[in-house]
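This is a predicted model, so every value here is computed, not measured. In the text below, chain A, chain B and the rest are named by the order of the sequence lines, each starting its count at 1.
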There are 2 protein chains.
Amino acid sequence: MATIKDVAKLAGVAVSTASYALNNSTKISMETKLRVEKAARELNYQKNGLASDLKKDKTNTIALILSDLSGPYYSELIKGVQDFATSNGYDLIACSSIGGANSTAVKFLKEKRVDGAIILAHNISDQIALESARDCFPLVVLDRKLPNDNIFHVEVDNEQGGFMATKHLIDRGHKTIAYVSGPSNSLDNNKRFAGYMRALKENGIGFQSKWKIPGDFTREGGYRATKLLIAQQDLPQGIFYANDEMAIGGLQALQENQLQVPDDISVIGFDDIQISEYVSPPLTTIAQPKYEAGALAVQLILQVLEGGKVSPSFSLPTKLVERQSVKHAGV
Amino acid sequence: MATIKDVAKLAGVAVSTASYALNNSTKISMETKLRVEKAARELNYQKNGLASDLKKDKTNTIALILSDLSGPYYSELIKGVQDFATSNGYDLIACSSIGGANSTAVKFLKEKRVDGAIILAHNISDQIALESARDCFPLVVLDRKLPNDNIFHVEVDNEQGGFMATKHLIDRGHKTIAYVSGPSNSLDNNKRFAGYMRALKENGIGFQSKWKIPGDFTREGGYRATKLLIAQQDLPQGIFYANDEMAIGGLQALQENQLQVPDDISVIGFDDIQISEYVSPPLTTIAQPKYEAGALAVQLILQVLEGGKVSPSFSLPTKLVERQSVKHAGV
DNA sequence: ATGAAAGCGCTAACAG
DNA sequence: CTGTTAGCGCTTTCAT
């Protein structure tokens, strides 16, 4: 493969001149520039990016660490990352953390191959993240919180989302509201539940443990939880499912028992996944600002890279998406 | 950031010794090795991957070029690529071709930042692919065919798949079979249609143009095509939809017209997308070996990199997935 | 406007 | 076993 040396030789100039010419420096005369470009074309020259990055001590690239490149993951979030990286002139690569300490992710986190990284991969240990972050190498974590001067954190405000969902039901006249929960070790779930509790409390509604049913974040789990709720013989006026998957399972269980949503009972979900719009009835739910989270993650990295000072942690508000699974509770 | 020089100095050895020690060379005494490792730890040393790759003239990384990191795309294919790259000790990065000639993809294709690449991105021009491939930089394209000694091609045998689908219907006693087609500029579609035609011909069934209906590869298109077929008043015994999305739209249209599948009419799709299994009735369809295609792509690159000689083109057979949308046609 | 030369951080002969 | 040294391909002072 031709190097810049070959180009310089063929053009009859020094390497430095060739470099300037190829990088559109103003100090080169038009004539030599053309000559160098011609030589480059003839030799089919392509610069070695590694060499130039090494010299410049800058890659202009950020890495997005995913737990598995084959998904599934929040595509909106990735879109946010991608859009903002690209539009700020940065390159973006995605790599997977499969393989733990030997993964591609770790290689890119540690070996100065990129200028910064965004981590969305539960299977990468806190320790590795902590070891990787350093001055001039900012890290944004989207799935945990880590105490380090070079690690920034952006999250969706699940507590506020849980509050909002519950409050919506309360505002629509519901006094009895069940909470179908995700796994108890899920931070997201616990935050949503905390929001539910706060809404209840602030509105003078007592919590009843019979109305907190585990649903495991799966469609199947939501279905079973709902069947259980029905079996309890004392139906709440509304059900807040801690995610949409469970709500969809719940919808099916309700339908099987001749319960009309929203006439007989209201249902609200969380996530605003794609099919929520298409189920019957279309699901009222809480949308997470995933795109914004991705975009913000990139912004933070770029700001740090440019020497700016940024807060270590951000919490993004959720949004209520009203569709047709909630209506005013009858008297 | 500490460099290997700093480590060497602190350990009181030469850089070369430090390098050998850190790379587990056998020629270093256990004692010095330990001393170097200790120094590295103290300095929090991490090697600069760019420098080492530059020196070694090898990155041990292959790139997967996607048209958009935020999907959607064939996750099974990516899984195949990822599994095989990882298990052969290669790193894999994904990058997007958004931005055309200025995209991250092009940067990685041209600037020797990776050892090889797999392209699954229609929005990257043939010209760029052709320019990027070179000796010692193999390229595998999954979505087109390109004449170049360093570009390899793997595809799914759509013609054979189309043949297989049609033949299945014929074997089940169907004499009249409609083809709901994708866009006429789709190569995949045309191959599937060619297979359909060959099956008809080989079994002495004449082609009737009224039974080739455009459906655009969308659910909506399949629905409309089917309505049209029904409106023609002369229903075929079976319908071969050129993809599952259309078949699902078709199923709905059939159901709306009180036509029972498979009792009144048989339906077969193509792709074996995830929901095919869950629609009613579960869809009989043609599965594409996407995982295998991804795995093969990696294998080809690795073989070329290791100096092996490989065929320029591969075509992978499809597989019939029998579910419940086809049964023997009545007399 | 152009050239000579230093050096980014690393690896790998080669010599001892 | 360890040290000296050249050099990967590029950018960037510093002279001229």
Student: Any side-chain to backbone donor/acceptor pair from A:D115 onto A:T59? Under 3.5 Å, distance only.
Tutor: yes
Student: Would the distance check show the side chain of A:H153 and the main-chain N or O of A:R144 forming a donor-acceptor pair, the cut-off being under 3.5 Å?
Tutor: yes
Student: Examine distances only and state if a side-chain atom of B:R35 and a backbone atom of B:A11 form a donor-acceptor pair shorter than 3.5 Å.
Tutor: yes
Student: Would you say the side-chain atoms of B:K112 pair up with the backbone N or O of A:Q46, donor to acceptor, closer than 3.5 Å?
Tutor: yes
Student: Summarise protein proximity over nucleotides 6-16 of chain C in one line of letters, 5' to 3': B for base, S for sugar-phosphate only, - for none, counting protein heavy atoms closer than 4.0 Å.
Tutor: BBBBBBBB---
Student: Checking A:D6 side chain against A:T3 main chain: does a donor-acceptor pair fall under 3.5 Å?
Tutor: yes
Student: How about A:D149: does its CG atom have over 12 heavy atoms from other parts shown lying under 6.0 Å from it?
Tutor: no
Student: Spell out, as yes or no, whether a donor-acceptor pair under 3.5 Å connects the side chain of A:D143 to the backbone of A:L120.
Tutor: no
Student: Main chain of B:G89, side chain of B:N60: is a donor-acceptor contact present, judged purely on distance under 3.5 Å?
Tutor: yes
Student: Using the heavy-atom set of chain B and a strict 4.0 Å cut-off, write down the first and last nucleotide of DNA chain D that makes it in, 5' to 3'.
Tutor: D:dC1 to D:dG9
Student: Within this structure, what is the CE-to-C1' distance between A:M30 and C:dT2, rounded to whole angstrom?
Tutor: 17 Å
